[in-house]
Student: 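Before anything else, here's the structure in question.
The shown structure was predicted, so the numbers you read here are calculated from the model rather than taken from an experiment. Quick note on labels: first sequence line is chain A, next is B, and so on, each numbered from 1.
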Amino acid sequence: MTNALAVTAPEGVPFIEFQREFDAPVATVFRAHKEPELIKQWLGPRGYDMDIERYDFRTGGGYRYIHRDDKGAEYAFNGVFHVVRDEEFAIQTFEFEGFPDVVAIESLRFVDLGNGRTRLEGHSVYPSIESRDGMVASDMESGMREGYERLEDVVSAL
Amino acid sequence: MDPSADDRLDRAFTALADPVRRRIIARLSRGPATVNELAEPFEISKQAVSKHIQVLEQAELVTRTRDAQRRPVHLNAARLEALTAWIDKYRLIHEQQFRRLDALLTTIDGPSDGPRTQEA
């Protein structure tokens, strides 16, 4: 049975929400969010190397990491962990350094469903609807790559 | 402002989450086919394939014409192409990411109380 990912982007507000269940206890899911060596193994687009400069998943902590594609292009992200309550809840900021000062606030709830199952509930707030759509698109594997390839085309045509 | 848009999207992505249904879609991208033709490459019953086609139909990814016995299945290419908005990319990338997390979660223990992390 596949655990379906539900994503919603309500009209008129710069939010994105997702829900996804996992066949693992909440302690395990939380651990996969806390330890940089584990984060590295799943976070980010497929096919990118992830270089974690720092990742301190606790209240008052922060992070910075860099995704590298197979051509060596780099995409850096940073933020702070405003609050982290073990196996329960976290709020962090999220900034793609390619779009500086456009900072999203993301909350993440770890819901213990019992029977060794967990639901993740994410809620992101962007500064504007435009920045939500733009940032999310640019955060995407194809979006990033195509965007930069297009930019290369434009620049080389100048 | 379409409240059902998310439901429709959910149905489409749930439909596409299954490897058999993705292969059916891939086959239909080369042209319409009957249930029998679609069932051929799979080691599952014709009934099971019919079920898969029903799911794809409900997701509006395929249509069936009332062609008496044959009732060939057609790909709804427009619907497939419509799944390329930013939110769908967001969904796809998160789905890929969460599947990696699924796989990782089967290899690690719960509380981080020691150096039990498996080496990558």
Student: I'd like to know whether Leu43(A) forms a side chain to side chain contact (heavy atoms under 4.5 Å, CB included) with Arg100(B), so could you lay out the CA-CA distance, the side-chain angles of the two residues, the decisive distance to 0.1 Å, and finally the verdict.
Tutor: CA-CA 8 Å; Leu43(A) 191 74; Arg100(B) 283 200 303 274; over 6 Å; no
Student: Looking at Ile66(A), I'd like to know if its CD1 atom is crowded, meaning that more than 12 non-hydrogen atoms belonging to other residues, nucleotides or ligands lie closer than 6.0 Å.
Tutor: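 Yes, because the 6.0 Å sphere around CD1 of Ile66(A) holds more than 12 heavy atoms from other groups.
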Student: Hey, quick one: are Val83(A) and Phe110(A) part of the same hydrophobic cluster, counting side-chain heavy atoms closer than 4.5 Å, chains of contacts allowed?
Tutor: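 Val83(A) and Phe110(A): separate clusters.
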Student: Within a reach of under 6.0 Å around NE2 of His82(A), are more than 12 heavy atoms found that belong to other residues, nucleotides or ligands?
Tutor: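 Result for NE2/His82(A): open.
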Student: So for Val29(A), is it side chain, backbone, both, or neither that comes closer than 4.5 Å to the heavy atoms of chain B?
Tutor: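 Both backbone and side chain of Val29(A) come within 4.5 Å of chain B.
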Student: A side-chain contact here means heavy atoms from C-beta on lying under 4.5 Å apart; do Arg20(A) and His94(B) qualify?
Tutor: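 Side chain of Arg20(A) against side chain of His94(B), heavy atoms only: no contact under 4.5 Å found.
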Student: So, taking the atom named CD in Glu35(A) and the one named CD1 in Ile108(B), what distance separates them when rounded to the nearest 0.5 Å?
Tutor: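 One gets 7.0 Å once the value is rounded to the nearest 0.5 Å.
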Student: Atom CD in Gln41(A), atom CG in Leu105(B): separation rounded to 0.5 Å?
Tutor: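 Going from the CD atom of Gln41(A) to the CG atom of Leu105(B) covers 10.5 Å.
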Student: To the nearest 0.5 Å, what is the distance between CG on Asp23(A) and OG1 on Thr106(B)?
Tutor: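 These two atoms lie 10.0 Å from each other.
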Student: State plainly whether one hydrophobic cluster holds both Val13(A) and Ile105(A), where clusters connect Ile, Leu, Val, Met, Phe, Trp and Tyr through side-chain heavy atoms under 4.5 angstrom apart.
Tutor: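 Not linked; separate clusters.
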Student: State plainly whether one hydrophobic cluster holds both Val125(A) and Val80(A), where clusters connect Ile, Leu, Val, Met, Phe, Trp and Tyr through side-chain heavy atoms under 4.5 angstrom apart.
Tutor: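 Result: no, two separate clusters.
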Student: Are Phe57(A) and Ile52(A) connected in a single hydrophobic cluster, I mean Ile/Leu/Val/Met/Phe/Trp/Tyr linked by side-chain heavy atoms less than 4.5 Å apart?
Tutor: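 Result: yes, single cluster for both.
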Student: Determine the interplanar angle of the Phe22(A) and Phe98(B) rings, folded into 0 to 90°, and report it as parallel if under 30°, tilted if 30 to 60°, perpendicular if over 60°.
Tutor: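 Correct class here is perpendicular.
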Student: Could you state the interatomic distance from CD (Glu95(B)) to CZ (Phe18(A)), rounded to the nearest 0.5 Å?
Tutor: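 Between atom CD of Glu95(B) and atom CZ of Phe18(A) there are 11.0 Å.
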